[in-house]
Number of protein chains: 2
Amino acid sequence: MKGKIFIIEDEASIVQLVQHNLEKEGFVVSSSLNGNEGLKELKKFEPNLLLLDWMLPDLSGIDICKNIRRDSNFKNLPIIMLTAKGEEEDKVKGLESGVDDYVTKPFSFNELSARIKAVLRRSDPKVVANELTFEDLKLDRIEKRVFRADKEIQLGPTEFRLLEFFLTNPKRVYSRDQILETVWPNNVNVESRTIDVHIRRLRQSINIEGKKDLIRTVRASGYSLI
Amino acid sequence: MKGKIFIIEDEASIVQLVQHNLEKEGFVVSSSLNGNEGLKELKKFEPNLLLLDWMLPDLSGIDICKNIRRDSNFKNLPIIMLTAKGEEEDKVKGLESGVDDYVTKPFSFNELSARIKAVLRRSDPKVVANELTFEDLKLDRIEKRVFRADKEIQLGPTEFRLLEFFLTNPKRVYSRDQILETVWPNNVNVESRTIDVHIRRLRQSINIEGKKDLIRTVRASGYSLI
DNA sequence: TTAATTTGTAATATTTCTGTAACATTAAAA
DNA sequence: TTTTAATGTTACAGAAATATTACAAATTAA
């Protein structure tokens, strides 16, 4: 079962892009272009998550947040705020007023989608898929287990996240930088070659008993899951 | 296995109270604030029991009841009706239209919970077990007893709640924060490392005589019941 | 009240994980 | 073939996370 997402955002082009893509992913989406109306509609709609623009013509994001958190029925509604580049201060205020995550405009839909799922996974796991599979590889996000050909495999936390990352987009090649950005906690600085070592560790763990190597090295580009 | 309960009730505050508490008891709960939509969602959700408000803005409880009883898939769905004080006549009508029990508002959650269990025990005994089990572990919520391999085990109150929590969702990994939120009384502030100590105490108690450890440590994530 | 049990924390021990550097190997370019 | 660049492999020290222990404060039972 996929969840319901409500969008409050005044740039129609963004709403359109996001709404369309989320619906393609199976979410039920409703939206409003302004704050006051949005609040009312939202409460009727009862979403599992709210995407909230921080700079609205009528109401500020903070006001909306406060209103929502005050309403006992929506106290726990996960909120992701959309903020324009550089409004660092807003991020702080946002996180203080109980926002769950934020995405800086301009953003790629993939980035937004990943954050939505991460937030939902925490707050409302049943609305989001928990098993990732590829060929005979299976990763369970809830139980934090990995299997290859039905045999359980032990992975360290970083290898787990790395595999999780590859599994969300099999076959796609990622550069070391992209991997770093996504798999490592923000503002951590690690040598890009470090990834090679983790790739090796991951390979060693998942390529059991003569099973073929599921990780492909793409010289000068990066790595991918086959 | 705990059952699924659907709620059709237009007072959001009641829905929230009931839903939250039922979920805490391990039921899977879904709800709707109005009759027509509720009927549709209910049929998708396939609950083991329905809590039905008798006075809805759009459809009357009777109509919903009739609709349900006419549908061969839900002919036997147990229904508990929620009725406002003094509407004696409704009770009669309700029982006539095949309601299994009724609860008069305002009600305490405990009262409702007891009735739900009573009705389920009659109609679908396997969903109400007051006993939670996992492998050779057994916990009786009523008698507050715990057994491993049929030998009784003494647990302190906190260890009991902790084990109870794990047993409602075996295999699932919980972070220390999640454990804290659920197992500890609200607004108590305890160090997150404290959980490690309680985990140890729990382990020490339930892993008797060389029996395997039933609690799994998942580095960087938390703990789970195997 | 006293005794017994339970609880949270801090201190210490242990285990596991991580990042890096150094060296080896492989593939591409010259 | 030789050279060069990129990736593979290994070992290891420091870091991080968890396990264990002991103890004092708080709670409950006797």
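All values reported here derive from a predicted model rather than from experimental measurement. Lettering of chains follows the sequences in order, A, B, ..., and the numbering in each one begins at 1.
The side chain of Arg176(B) places no N or O atom within less than 4.0 Å of a non-bridging phosphate oxygen (OP1 or OP2) of dA17(D).
Under 3.5 Å, the side chain of Arg219(A) and the base of dA6(D) form at least one donor-acceptor pair of N or O atoms.
Classification of Glu143(B) and Arg145(B) as a salt-bridged pair holds, one side-chain N sitting under 4.0 Å from a carboxylate O.
Heavy atoms of Phe160(B) sit nowhere under 4.0 angstrom from any nucleic acid atom. Looking at heavy-atom distances under 4.0 Å, Thr217(A) makes contact with sugar-phosphate atoms alone, never a base.
If you find the closest nucleotide of DNA chain C to Ser192(A) and to Thr158(B), the one lying nearer the 5' end belongs to Thr158(B). Residues Arg201(A) and Ser221(A) both approach DNA chain D. Their nearest nucleotides, taken by heavy-atom distance, put Ser221(A) toward the 5′ side.
Of the candidate nucleotides dT21(D), dT7(D), dT18(D), dT18(D) has the atom nearest to the side chain of Arg193(B). Here the side chain of His198(B) is nearest to one of dG19(C), dG8(C), dT7(D), namely dG8(C). Side-chain proximity of Trp184(B) to dG8(C), dT7(C), dT18(C): nearest is dG8(C). Relative to the side chain of Pro157(B), the nucleotides dT21(D), dT18(C), dT6(C) differ in distance, and dT6(C) lies closest. Comparing dA21(C), dT9(C), dA19(D) by their nearest atom to the side chain of Arg203(B) picks out dA19(D).
Side-chain contact between Leu49(A) and Phe27(A) is absent, with no heavy atoms from C-beta onward closer than 4.5 Å. Between Leu33(B) and Val15(B), the closest side-chain pair of non-hydrogen atoms falls below 4.5 Å.
Counting heavy-atom neighbours within 6.0 Å of Lys43(A) NZ, excluding the residue itself, gives a total above 12.
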